[in-house]
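In what follows, a single structure is set out as structure tokens and then discussed.
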Amino acid sequence: TNTHVVVLLDEVGLAEQSPHLPLKVLHKLLEKPNLAVVGISNWSLDLAKMNRAIHLTRPEPGVDDLKETAMGIVSSQHLESSL
């Protein structure tokens with residue numbers, strides 16, 4: 001079949017804050033995974049997890065970036081008069 005299993009961990013960085021270390025179980029699973037794991041976080045994870053993955057970092061948006069994003073959202077909703 002053409003089915004691909006993907007596990008999405010949203011805000012995975014919050015689990016890093018837990019004293020119970022719930023992400024520790026991922027270390028071995030990410031060595032040779034049988035499925036794709038996507039972790040989304042606003043914080044960097046520990047190096048033991050990050051070295052088993054592709055790490056994409058985006059810089060903070062500037063004022064011009066935020067204005068362009070807002071204009072795109074507003075214009076797609078036909079709300080230009082609200083600005």
What's the shortest heavy-atom distance between P61 and L66, and which atoms? CG-CD2, 3.8 Å
Rounded to the nearest 0.5 Å, how far apart are CG of L23 and CD of E16? 5.0 Å
Derivation of the side chain to side chain contact (heavy atoms under 4.5 Å, CB included) call for I40 and E11: CA-CA 5 Å; I40 300 172; E11 291 297 343; 5.8 Å; no
Minimum-distance pair of heavy atoms, taken over all atoms of V12 and S41: CG1-CB, 3.8 Å
Identify the two heavy atoms, one from P22 and one from A15, that lie closest to each other, and give their separation to 0.1 Å. CD-O, 3.5 Å
Would you compute the distance between atom CG of L9 and atom CG of L14 and round it to the nearest 0.5 angstrom? 11.5 Å
Could you work out, with side-chain contact (heavy atoms from CB on, under 4.5 Å) as the rule, every residue matching L35, not counting sequence neighbours? V5, V7, V37
Residue set satisfying side chain to side chain donor-acceptor pair (under 3.5 Å) with D10, at least two apart, ordered chain then number -> none
Contacts of E68 meeting side chain to side chain donor-acceptor pair (under 3.5 Å) (sequence neighbours excluded), chain-then-number -> none
